[in-house]
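What follows is one structure encoded as structure tokens, with my remarks underneath.
Proteins get letters first, then strands, A, B, ... in listed order; numbering begins at 1 in each.
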Amino acid sequence: MVFLLFLLPTFLLGQHPDIHLSGIVLDGETNRPIENVNIRTTGEDIFTTTKADGSFDLIFSELGIYQLKITHVAYKEELKTIDLEKVNHQQLILYLIPKAIDMAPVIVSGQNIMSKFDEIYESSNVLRGKELQRELGLSLAATLKNETGLAIRSMGPAPARPVIRGLGGDRVLITEDGNKTVDLSATSPDHAVTIEPFGVNKIEVLRGPKVLIHTPTTLGGVVNVVRDEIPIEVHDKIYGVFGTYGESANNGYLGSLITEVPLKPFALRLEGSRRKTENLNTPVGKLDNSYSQNYNWSLGGSYFPAFGMVGISYRDFNLDYGIPGGFIGAHPNGVDIEMYKRQFNTKVFIDLPSKSFDNIEAHFSTAVYRHKEFESGGLIGSEFKIRSYLGYINLNYKGFGFLSNGTFGLSSEYRDFDIGGFVFTPQSYSFNFSTYVYESFNYNNFSFEFGARYNFDKISPDTPKPDAKIGNIQERDYHTYSLSLSALYSFTNIVHFGINLNKSSRVPTIEELFSEGPHLAAYSYEIGNPQLEDERGWGMEFFVFHNFSDLYFHLNVFRNDLGYYIIPRNTGETNFATFLPIYQTEGVAALFYGVEGQVSYRFWNHFKIGFTLSYTRGKIKDSDKSLPQIPPLKGNVEISYSTDQWSIGINSELAASQNDVDEFEEPTVGFAVLNSYFQYSLNAGDLIHNFSLSVDNILNKEYRNHLSRVKSILPEAGRNFRLTYKLYFHI
Amino acid sequence: MFTILKKPVLVLFISLFVFVFTSCGDDDPVTPQEEHFEAIGTVVYDATGAEVVRILRGVTSDTLFAKVGILSDHYNVKFLDEDEKVVNPPTDDETTMGIDITDTNLLAFEQDELGAFEFHLEGKAVGITTIEIKILHNGHSDYRSGLIPVKIDN
């Protein structure tokens, strides 16, 4: 029989042209390749097993739709339907979930056809599974803080936002299931991101040409939160996750429930969570007015007709939090902020009966974001309201000449930005229209990706003010374009060298253009510049990626040269009506360069040691002075011991002093903080229990985040015990 | 069981769609932006019209005086504009004057007309404290003078 099976492919080869389906099988928790996975078509005797690097190659005699059964003794068995016409010449990536570790809703990622670039980004820039559970923090940025190349800009625990390679604000686009998040977190340090990280499936940081599908800013990146709020598949059973979380540094707690119900051809998803934290304890005292409380819920549903999928969802997100005060320029008792966002999404997938055109994907969202800032007496100081309408339509295609796959799309956004209270930025409207294209192709051992995007933006103040103190407040139009090219040379299947070349652009925000007055909770008097041009620049990056079975390694070196970089700078002056420091927005020529890397080595089967390093230098080119808000050299060292059921680790966050600061910016001293964690998973039939206990800042060390606006009053959190429990059920 | 739920699910889809598109109205309007009085300094005059305190950009070398248990003379308040010229306080009904006293165990103030741009001081105990004069617009401060020393004796 075995002999016959070996003969079968030879026989088929003799009868028909071969159709190869190749790919790689990875551990859904660790992204490590899995050896000896059995991949077999159901109903037919076409099968293979994966090699040491997780790769496989199946040979078919004819095109068609096949069901693959993917099995391994240590992993959950999975079934995957493959249409060979659609995946021909593509690299398939399959994720398996360890039997005793986790149970995720989707084991074969929605992005199951990946280029080598995706494979690399997936390995180095994705937080999922146990690692995500271990890193879960109060905010999205806190959850990502140990990722290579990322830092946190904050103004207290709740308002925190990721910074990539020294670039923050809307140079880092935050998306949910690929859709732009509507809030004001990019424009001011006191504004929080409207995402509760506890319920997400994974968080990925996207770079390179693919970001042009989402944003014209290629030099920062995209932080995409994946939770499939609109279900993308119907499961066989009711799936759900119940979670709870507590931490000692702020007496915080959270309860969360997510469930997906299959009603074929419908799927329903329901999510709800409630979090509350008190003021933060630091090694030198309590950080007053640093509380937060939020609740959010969503309801999503999909219908799966023969042509593809139609889905809708609604999310209601509410967050109240405090901004600490009590330092020079701040309110003595801080400021309180109340915000909510109500967002409605629709998504449509239409599979196309064509060899060249894969599918059409359309999305439309409408959102209302509301935000009020209160002085200590309960008086409203500032108010913001955004009504946003945004959508896109993408045509995904493959097999045009030498191009292996690509996307062409159109997107548009209309935003009504209303401002009230003691703020003097005029009510404004903005409109964006973009068109973009993304392509990828391979040539021998080389892989290429290319992206291009054109944007038209119009920003219109409700009432033009030609004689405003800051200049002529009038309608502004911008025509911008962005380009990105990546080339990758695969020395072997697991060693890759690459280069990215990027032309980035960004349109100034309404605040950067038209602000003129105090911003209550940011403790700054902000002066915009109505004459700002579009931000633009070129970037270059070299990288090496290496993933042996026991050794993982990547190194990136980058240089971003922005001929026009928009930045609010502390002028050193004070507005003597409010005693707030004056920040003036200007465009300067800026240069960023740096390096980031990660190494991990597994030894004696269960032990692993890892190092990460991130360094960014930012300078104003004309004066050679340092740019403000650039993170210091930082890194992480970790040693861990893992089995299928439990893992334990100890790590140290390290940061050097930051003395390369802007003229009126405070330097920050370096630190080393010791952390540890223990995780345990218990498989009880249809239930899986995951426990995670972390102790952060074990030695209760006093340290300060250079990118924190309140670092002058109190340091970061003191010793903190975090306990997370997740119950996965599949009934 | 799931089959009979399909129609309700379809109805739910449509209801959600309709609900959301009809519920995004202007039910929570933004408070209109407020005009604000711009100043960079404060001048305090005594009852004779003589200048007793001048504070500019939060800095002063002058001191006010009060006596324990005795209500002071009437003080009038004017402001300095960006050209450092003395200007009268705003006259609209929504704008009032407020005074913050750093140590209320030492000092109190009174006004003949609540919120008017005038005041009296009265010492409560011997010592030195500071006051800050504010222009309040619907309750929050458009302007803060900075701290003015007040010496209280018997």
* **Over all atoms of both residues, closest heavy-atom pair of A:F579 and B:E132** => CE1-OE2, 4.4 Å
* Can you tell which part of A:T574 gets under 4.5 Å to a heavy atom of chain B, answering side chain, backbone, both or neither? => neither
* Closest heavy-atom pair and its distance - A:F576, B:Y143 -> O-CE1, 3.7 Å
* Assess whether atom NZ of B:K151 is packed by more than 12 heavy atoms of other residues, nucleotides or ligands within 6.0 Å. => no
* To do: Specify the closest pair of heavy atoms between B:V30 and A:K385, including all atoms of both residues, with the distance to one decimal.
  => CG2-CB, 3.5 Å
* Structure fact -> Between B:A39 and A:A577, the two heavy atoms sitting closest are O-CB, 3.5 Å
